[in-house]
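Right, one structure below, let's go through it.
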Amino acid sequence: MSDQVAAEITVSLPDGSTRMLADGATGFDLAQSIGSRLAKDAIAVVINGVESDLSTPLSSGVTVRVLTGNIEEGRQVIRHSTSHVLAQAVTSLWPGTKFAIGPSIADGFYYDFDLPDGAHFSDEDLVAIEQRMREIISEDQPFVREEHTFTEGLALFADQPYKTEIIEGVRDTNLPADEELALEISPSGAQVSAYRNTEEFVDLCRGPHVPSTGRLGHFKLMRVAGAYWRGDERRPQLQRIYGTAFESATALAEHLHRLEEAERRDHRRLGAELDLFHFPPEIGGGLPVFHPKGALIRQTMEDYSLAMHREHGYQQVWTPHIAKSTLFEISGHLGWYAEGMYPPMEMEGATYYPKPMNCPMHILIYKDRQRSYRELPLRLFEFGTVYRFERSGVLHGLTRVRGITQDDSHIFCAPEQLADELRSLLAFVLDVLRAFGLTEFEAELSTRPEKFVGEVEEWDAATEALRSALEAAEIPYIVAEGEGAFYAPKIDVHVRDAIGRRWQLSTLQVDFQLPQRFDMSYVGADNSRHRPQMIHRALFGSVERFFGILLEHYAGNLPTWLSPVQVCILPVRDDHEDYGAEVLSTLRAAGIRVEMAPADEPLGARVRHAKLEKLPYVLVVGDEDVANRTVGVNSRGTNDPERGVALDEFVGRISQEIDQKSGPGLS
RNA sequence: GCCCGGGUAGCUCAGGGGUAGAGCAACGCACUCGUAAUGCGUAGGUCAGGGGUUCAAAUCCCCUCUCGGGCUCCA
């Protein structure tokens, strides 16, 4: 081709620079022109914001970003490509398998299958599948993009009913049904794209993919599960395989290590190790008992919360656990929440239900007498235990139980007070959460759904009030359009824990329905009756769940104020026990929770036991300490004890720490 | 509720048709020690429960309960 000058194209890079390439150059050529290292690491490209294969020819004037495996978008491509390899492996081991979808997800991927003759995967199957996947990877099969019309696509996947349904769905609506389907098919134009690895194996997919299976390999199949087609329990249950994949063996190993770390933090494990709570089968699923140390932690949490509520103008109330059906008919719970309620009990001709929520009872307290505008906002607060029928499969340690103690509050206010009340309420909620060591917040503002009660103007005003509370609190939030309950817009507060996991905790909901159902009123300054507005608010959400989250957040290393045992005294020999007892009573008099372990085991063993219990402080007392009235301080998180600390000084230190709700670090 | 996998000593687990095992914990005795496991000894089990197959079942089969991982659900 020396007889003609090669045409050239110009492309822009993310840093604003431009680069000249031969006409017909691909993303891979671009990466190569930048550097051989980049060419080696390149997974895919983003052309004018659209993710594409490395083999895509570039046209002049486009902006191109090269995706490598060490960034999230690149990993998604690796995971999605690995899911295709999984599908090919399964079809070669189970001929006749029907495929559903196989998207990348946070930290991995999955693929849903419908095996011939209703077969199911077992854990042993995963080993064989992984083996087959490694063969496919070593064959270095190319991912070849094919584009088809809808008609061709339907013909290509004629024996794949799930793929057919996806293609028809997009053809008829021009939209994939949800985010995960969007990875399978692109709605743009009248095209269906597919990626072919071999003569036999081709899968519907939007792409992009790695150039060939040889680029994969750092993966692991994690588990098998059942999953309903399109998440609908009325439709067939498919066999899902979860896996994870990374760009390198190191990154995969790090990920698996993080999973182990999360397992070590599992509150169910810590609950047993630290003797805090358990779930006796004789009582029933989802119904925990708290042991002395667990109860102490829980009580400390509740005491602090109650004190903060009183300081902020809340009045504590107390209400029973069951009520006649009449109450839940008025509240409407029997109408729209009956499935979530425990079944009724008949007694003396009346029907009683365990309460699923506290609000109706708080409303009855409000309604016991006529209320004046001067009393508003009226803030009622209760640690109210409610019972909800959670299906057996959803129970999960303390984070999903059937007996739930809510730190529940209902605020009744005049409409013109709503915005101020929400603002101070949100600030209060965040302050209390911060005291428990949770500092990273993200909120969700859920707005009016299609089906709703009340007036549009009311909804708009309440939504604006919630929004302004979020703005004032200066926390990041997203708006979930149409996600509100039918009776109210709401704010949900999520927190990030120490290892970055997101938990939904507090909720603030305005309620347009209950004040009306209960015909609530107050007498205004104008001497006429008005309808109050109502706010539901749970701060911890559920005390049990919050307890579990805190345990995981701290990995069991609770700050000193929450530790059930704050100090353990270890006399070096038994003739130091008298002094140890003196230290114990001094600390106890200062309100510190303290124990002493007698010298009938070697000191090292006793230190070890105390460390395994994750106690904040171990005090060793020996000859020098008896002589000088000092203690040896071994703090959690260190193996470097401090010798000769004056007893008074230690008391001062730990008291201050308890006061500030801080404490030594991890064990 | 549905799919998959478990349930053997208080805990963690081994054993997989022929009379039940280990480590830790517990208990007893000795040791008296300056910072993450002192030694010796003792006791501890209807192998989740029920039914079946077998001369014989912890072990194989069926049912139930229960726990875990997912799916659905979370007002």
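Residue numbers begin at 1 in each chain, while the letters A, B, ... track the order of the sequences.
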Any side-chain donor near an acceptor of the partner, A/Glu382 and A/Ser409, under 3.5 Å: no
In a check of side chain to side chain donor-acceptor pair (under 3.5 Å) between A/Glu442 and each of A/Arg496, A/His494, A/Gln504, which one passes? A/Arg496
Is it the case that the ring center of A/Trp336 lies less than 6.0 angstrom away from the ring center of A/Phe328? no
Looking at every strand, decide which applies to A/Ala225 at a 4.0 Å heavy-atom threshold: base, sugar-phosphate, or nothing. base
Judged by each residue's nearest nucleotide on RNA chain B, which is more toward the 5′ side, A/His609 or A/Val620? A/His609
Please tell me if A/Arg268 has a side-chain N or O lying less than 4.0 Å from either OP1 or OP2 of B/G69. yes
Does the side chain of A/Tyr617 come within less than 4.5 Å of A/Phe650's, by heavy atoms? yes
So, OP1 or OP2 of B/G1: does either fall under 4.0 Å of a side-chain N or O from A/Tyr228? no
My understanding is that a pair needs two contacts under 3.5 Å, Watson-Crick or G-U wobble. By that rule, which nucleotide pairs with B/A9? none
Any A/His576 side-chain N or O less than 4.0 Å from OP1/OP2 of B/G34: no
Within the pair A/Arg573 and B/C33, is there a side-chain N or O less than 4.0 Å away from OP1 or OP2? yes
In the strands shown, is B/C47 matched to any nucleotide by a Watson-Crick or G-U wobble pair with both distances under 3.5 Å, and which? none
If every non-hydrogen atom of A/Leu270 is compared with every non-hydrogen atom of A/Lys614, which pair is closest and at what distance? CD2-CE, 3.9 Å
Quick check: on RNA chain B, is the nucleotide nearest A/Gly622 upstream (toward 5') of the one nearest A/Val394, or the reverse? Name the residue that is more 5'. A/Gly622
Look through every strand shown and name the nucleotide pairing with B/G28 as Watson-Crick or G-U wobble, where both distances are under 3.5 Å. B/C40
Any chance you could list the contact pattern along nucleotides 9-14 of chain B? Use B for base contacts, S for sugar-phosphate-only contacts and - for none, protein heavy atoms under 4.0 Å, 5' to 3'. ------
